[in-house]
Amino acid sequence: MQINIDSKLFEADLMTQVDRRIFDVVGDNASEVLAEMAKQHFAHGGKKLRSRIALSLAVVLDAPASKILGWAAACELFHNGTLVHDDLQDGDSVRRGQPAIWKTFGAAQAINLGDCLMLIGPQAWKNDDLTDKNKAELALLYSQLASAVIQGQSLEFSFKDQVGIRELGDDYRRCITLKTAALFAKLAKGVALIAGCGEDDKHDLEKAFENFGIMFQIQDDILDLFGDKGRESVGCDVKEGKISALVVKLLERCPVHGTWLRAVLQKDRDLTTIEDIQLFKHHLEESGTLLELALDLESLETSILGLDVFHKRPAAKVAMKSLLETLMTPIRHIPQMNANLN
């Protein structure tokens, strides 16, 4: 029991240091207006999953946490910048149970804050005890993840009208690999780089967290209809006309629903009804779509844990299993998912 308590205190202390680094970077690089906006955005928490992953990886890879803090904070800054932009682009008025930044400060200032948070990330590690080579490599990784995420966001908007097209599944997979998974993948590779891992381990960790990111997005898509994402209502993705894993899989299994689903997704946000959302949920449950998604998640999990890096590093495998379990917990209550994920 004492070990668990100490572990929690250790993690809490590190997360406090990440938060401090974030606010130091914002304070040093943002105007008073932007700093106030950032303060409001970060005040309402968030899981800070990406920085927690970075710090957990540091432990199992025997890297000093002090060398990881800046990289963890930078990735957190970038991610939060994308959230500010996402809310504006998607028309979401609530984030973490509070008004979205664009609702409080306006669209133009929300764009400015998102840009600021994404661009100042590298400032977070500039004074860390890293070699010049490491810092240059991290800068390249940061540029790569930024480019990938923005490409993915662009793709998401470009294939909204492709409902029913055979290649939709491939387009969706490419989109989430860029938009969601790339940040997890480059985050992990950065930690491995700082830890001095060999090329094979860096490659495996990057691949593991790319697959984790794909799992994360599928889970997030499911939560939009069957869970609580801290948004204003259930089914926001449907109202926004998003092509989600649920849409793709239902159309692959039951093309007959294509005409109806296209009409729902193309409605103006405010015209999407509760009945539309409930009927979509009904089709998902009755068609076996959720069962198939559960099998997809199970397959991704198996591929992650089968990588050589986890055979060579038992502690890393234990940590990865724990992370995967944490990821899946919010959807365990869904019978069709639970049957395959236990």
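Keep in mind that what you see is a predicted model, and the values were worked out from it rather than measured. Along the sequence shown, residues are numbered consecutively beginning with 1.
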Do [X] and [Y] come close enough that some side-chain heavy atom pair is under 4.5 Å?
X	Y	answer
Q109	T104	no
S244	Q217	no
L61	L205	yes
V309	D200	no
L183	T82	no
I214	T180	no
D276	V238	no
I331	F226	no

Do you know which two heavy atoms are closest between [X] and [Y], and how far apart they sit?
X	Y	value
F310	A208	CE1-CB, 3.8 Å
L130	K135	O-CE, 3.8 Å
A74	A124	N-CB, 4.0 Å
L225	K281	O-NZ, 3.2 Å
L14	A65	CD2-CB, 3.7 Å
A38	V26	CB-CG1, 3.9 Å

Transitive ILVMFWY side-chain link [X] to [Y], under 4.5 Å:
X	Y	value
M118	I111	no
L88	F42	no
L324	L55	yes
L49	L327	yes
V60	L305	yes

For [X], look at atom [atom1] and say whether over 12 heavy atoms of other residues, nucleotides or ligands are found less than 6.0 Å away.
X	atom1	result
K207	NZ	no
K317	NZ	yes
H283	NE2	yes
K312	NZ	yes
R253	CZ	yes
K39	NZ	no
L271	CG	yes

Mind checking the [atom1]-[atom2] spacing from [X] to [Y]? Nearest 0.5 Å is all I need.
X	Y	atom1	atom2	answer
F78	I120	CZ	CD1	12.5 Å
L145	H79	CG	NE2	12.0 Å
E199	K202	CD	NZ	3.5 Å
E36	L34	CD	CG	11.0 Å
I304	M215	CD1	CE	5.5 Å
L77	R50	CG	CZ	12.5 Å

### Task
From the options D201, D204, D308, select the one residue that forms a side chain to side chain donor-acceptor pair (under 3.5 Å) with R313.
D201

Look at the side chain of [X] and the backbone N and O of [Y], then say whether any donor-acceptor pair between them is shorter than 3.5 Å.
X	Y	result
D221	A245	yes
R21	W125	no
W102	D92	yes
S143	A139	no
S299	L295	no
T326	S322	yes
H41	G81	no

#### Entry: Test log, rule side chain to side chain contact (heavy atoms under 4.5 Å, CB included), inputs L187 and W71
CA-CA 8 Å; L187 166 73; W71 178 240; 3.9 Å; yes

### Query
Does NZ or CZ of K189 come closer than 6.0 Å to the centre of the six-membered ring of F209, within 45° of the ring's axis?
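Here K189 fails the 6.0 Å and 45° test against F209.
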
### Query
Between W260 and F280, what is the ring plane arrangement, given parallel below 30°, perpendicular above 60°, and tilted in between?
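Aromatic pair W260/F280 classed tilted.
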
### Task
May I ask you to decide if the ring planes of F184 and F216 are parallel, tilted or perpendicular, using 30° and 60° as cut-offs?
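Geometry flag for F216 against F184: tilted rings.
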
Does the distance from a Lys or Arg side-chain N to an Asp or Glu carboxylate O, for [X] and [Y], drop under 4.0 Å?
X	Y	answer
D87	K103	no
E76	R52	no
K133	E137	yes
D224	K242	no

### Query
Will you find, in the side chains of T16 and D13, an N or O donor that is under 3.5 Å from an N or O acceptor?
no

### Message
For the residue pair Q151 / S147, report whether a side-chain donor-acceptor contact shorter than 3.5 Å exists.
### Response
yes

### Task
Might you work through the side chain to side chain contact (heavy atoms under 4.5 Å, CB included) test for H85 and Q153, ending with a clear yes or no?
CA-CA 10 Å; H85 282 177; Q153 182 74 349; 5.9 Å; no

### Query
How would you list, by chain and number, every residue that makes a side chain to side chain donor-acceptor pair (under 3.5 Å) with T289, sequence neighbours excluded?
S287

### Task
Decide side chain to side chain contact (heavy atoms under 4.5 Å, CB included) for M320 and F212; before the verdict, give the C-alpha distance in whole Å, the side-chain angles of both, and the deciding distance to 0.1 Å.
CA-CA 10 Å; M320 193 75 228; F212 174 86; 3.9 Å; yes

### Task
Please lay out, stage by stage, how L297 and I218 fare under the test side chain to side chain contact (heavy atoms under 4.5 Å, CB included).
CA-CA 8 Å; L297 290 167; I218 294 172; 4.0 Å; yes

### Message
The criterion is side chain to side chain contact (heavy atoms under 4.5 Å, CB included); which residues satisfy it with D296, sequence neighbours excluded?
### Response
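Testing D296 for side chain to side chain contact (heavy atoms under 4.5 Å, CB included), a comparison that skips the adjacent residues, returns K249, L293.
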
